[in-house]
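The structure appears below as C-alpha cells.
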Amino acid sequence: QVQLVESGGGLVQAGGSLRLSCAASGRTFSNYLMAWFLQTAGKEREFVAAINWSGITTYYADFVKGRFTISRNNAKNTVYLQMNTLKPEDTAVYYCAARVNGPLRTADNYNNWGQGTQVTVSS
C-alpha cells in the first residue's frame with residue numbers, strides 16, 4: 001500500500017501550464033506503475049497518463065498527447081504531470097493512482113488513490 005497526496009492544481013488561463021505533483025509514502029513506491037486520471041462531475045474517472053516503475057515507458061490518452069508529460073522521481077517518491085497548452089475542457093479533478101494489476105487505462109485496476117487536485121482552465 002502507498003499513500004498518495006496530490007498538489008499543484010489551480011486556476012489557469014487557456015494556453016497556460018500547470019505542474020501536478022503526487023507524493024507517495026509507504027514502502028516500495030518504485031515497484032508501482034503510476035498513473036494520472038481525471039474526473040468531472042457525474043462522470044467516471046478517465047485515464048490521462050501512466051508511467052512504468054523505472055520511468056522509461058510512458059502511456060498517454062490521445063487527448064493529451066503532445067501537451068502533457070508524465071515523469072517520476074523514485075528517489076523522491078514523487079510522480080509528476082506537466083500540463084502545457086491547457087484547454088477549458090481539461091478542467092477536472094486530477095487524481096494520481098498506483099496500479100495493482102491489469103490494463104493500465106482502467107481505473108478499477110488501481111487500489112491506491114490520492115484525494116485529488118482541482119484544475120480549472122478559463123477561456
Side-chain angles (χ1 to χ4, degrees):
Q1 289 279 345
V2 291
Q3 292 76 48
L4 304 171
V5 179
E6 300 96 336
S7 61
L11 173 64
V12 64
Q13 288 188 331
S17 299
L18 283 174
R19 188 194 196 201
L20 306 185
S21 298
C22 174
S25 59
R27 53 184 181 175
T28 65
F29 166 77
S30 61
N31 289 350
Y32 288 93
L33 178 142
M34 299 296 297
W36 289 93
F37 285 76
L38 65 81
Q39 189 170 28
T40 55
K43 295 189 177 181
E44 302 277 329
R45 289 183 184 179
E46 184 176 9
F47 174 78
V48 176
I51 188 166
N52 78 330
W53 68 272
S54 68
I56 291 175
T57 305
T58 56
Y59 311 84
Y60 293 96
D62 287 344
F63 66 91
V64 303
K65 281 182 181 177
R67 300 190 299 124
F68 291 11
T69 303
I70 189 171
S71 61
R72 69 190 293 164
N73 184 329
N74 286 341
K76 294 184 177 181
N77 280 9
T78 303
V79 62
Y80 305 96
L81 185 68
Q82 177 67 44
M83 305 189 296
N84 297 330
T85 320
L86 282 160
K87 304 175 182 180
E89 52 263 44
D90 294 323
T91 296
V93 178
Y94 285 73
Y95 297 89
C96 71
R99 188 185 67 162
V100 179
N101 211 339
L104 56 88
R105 297 173 189 267
T106 303
D108 287 347
N109 294 324
Y110 294 76
N111 69 345
N112 297 277
W113 293 87
Q115 83 290 349
T117 186
Q118 175 72 46
V119 171
T120 303
V121 185
S122 64
S123 57

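In this chain, numbering begins with 1 at the start of the sequence shown.
Considering only heavy atoms from C-beta on, F29 stays 4.5 Å or farther from T78 through its side chain. Side-chain atoms of V79 and I70, non-hydrogen and from C-beta on, do get closer than 4.5 Å to each other. Side-chain contact between L20 and V119 is present, with at least one heavy-atom pair separated by less than 4.5 Å.
When every heavy atom of S123 is checked against every heavy atom of A14, the shortest pair comes out as CA-CB, 4.3 Å. Here the closest heavy-atom approach between residue N109 and residue N101 is recorded as CB-O, 2.9 Å. Taking every heavy atom of both residues into account, E46 and F63 meet most closely at OE2-CE2, 3.4 Å. Of all heavy-atom pairs between Y95 and G114, the closest is CD2-O, 3.5 Å. Smallest separation of non-hydrogen atoms from Q118 and V93: OE1-CG2, 3.2 Å. The heavy-atom pair separating L11 from S122 by the smallest distance is CD1-CB, 4.3 Å.
Under the 3.5 Å distance criterion, the side-chain polar atoms of R19 are left unmatched by any main-chain donor or acceptor of G9. In this structure a side-chain-to-backbone donor-acceptor pair under 3.5 Å is present from R72 to N52. Checking side-chain atoms of T91 against main-chain N and O of V121 turns up a donor-acceptor pair under 3.5 Å. Looking at E6, its side chain never comes within 3.5 Å of a backbone N or O of C22 through a donor-acceptor pair. Panel note: side chain N77, backbone S25; no donor-acceptor pair is recorded below 3.5 Å. Side chain of R67 to backbone of T85: a donor-acceptor contact under 3.5 angstrom is found.
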Next on the checklist: Let's go through W53 and N31 carefully: what are the C-alpha distance in whole Å and the side-chain angles of both, what is the deciding distance for side-chain contact (heavy atoms from CB on, under 4.5 Å) to 0.1 Å, and is it a yes or a no?
Outcome noted: CA-CA 6 Å; W53 68 272; N31 289 350; 5.9 Å; no
Next on the checklist: Apply side-chain contact (heavy atoms from CB on, under 4.5 Å) to residues L86 and F68 and explain how you reach the verdict.
Outcome noted: CA-CA 9 Å; L86 282 160; F68 291 11; 3.8 Å; yes
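Using a 4.5 Å cut-off between side-chain heavy atoms of Ile, Leu, Val, Met, Phe, Trp and Tyr, with links allowed through other members, F47 and M34 fall into different hydrophobic clusters. Both V2 and Y94 sit in one connected hydrophobic cluster of ILVMFWY residues. Membership requires side-chain heavy atoms under 4.5 Å apart, directly or through other members. Linking ILVMFWY side-chain heavy atoms closer than 4.5 Å, directly or via other members, places L18 and Y80 in two distinct hydrophobic clusters. By the rule that hydrophobic residues join a cluster once side-chain heavy atoms approach within less than 4.5 Å of another member, L104 and L81 end up as members of separate clusters.
Here F37 and Y110 bring their ring centres to under 6.0 angstrom of each other.
Here the CG atom belonging to L33 is positioned 10.0 Å from the OG atom belonging to S54, to the nearest 0.5 angstrom. To the nearest 0.5 angstrom, T57 atom OG1 is 8.5 Å from I51 atom CD1.
Other residues, nucleotides and ligands contribute only 12 or fewer heavy atoms inside 6.0 Å of the CD atom of Q13. Atom CH2 of W113 has more than 12 neighbouring heavy atoms from other residues, nucleotides or ligands inside a 6.0 Å radius.
Of the charged side-chain nitrogens involved, none lies within less than 4.0 Å of a carboxylate oxygen, so that K87 and D90 do not count as a salt-bridged pair.
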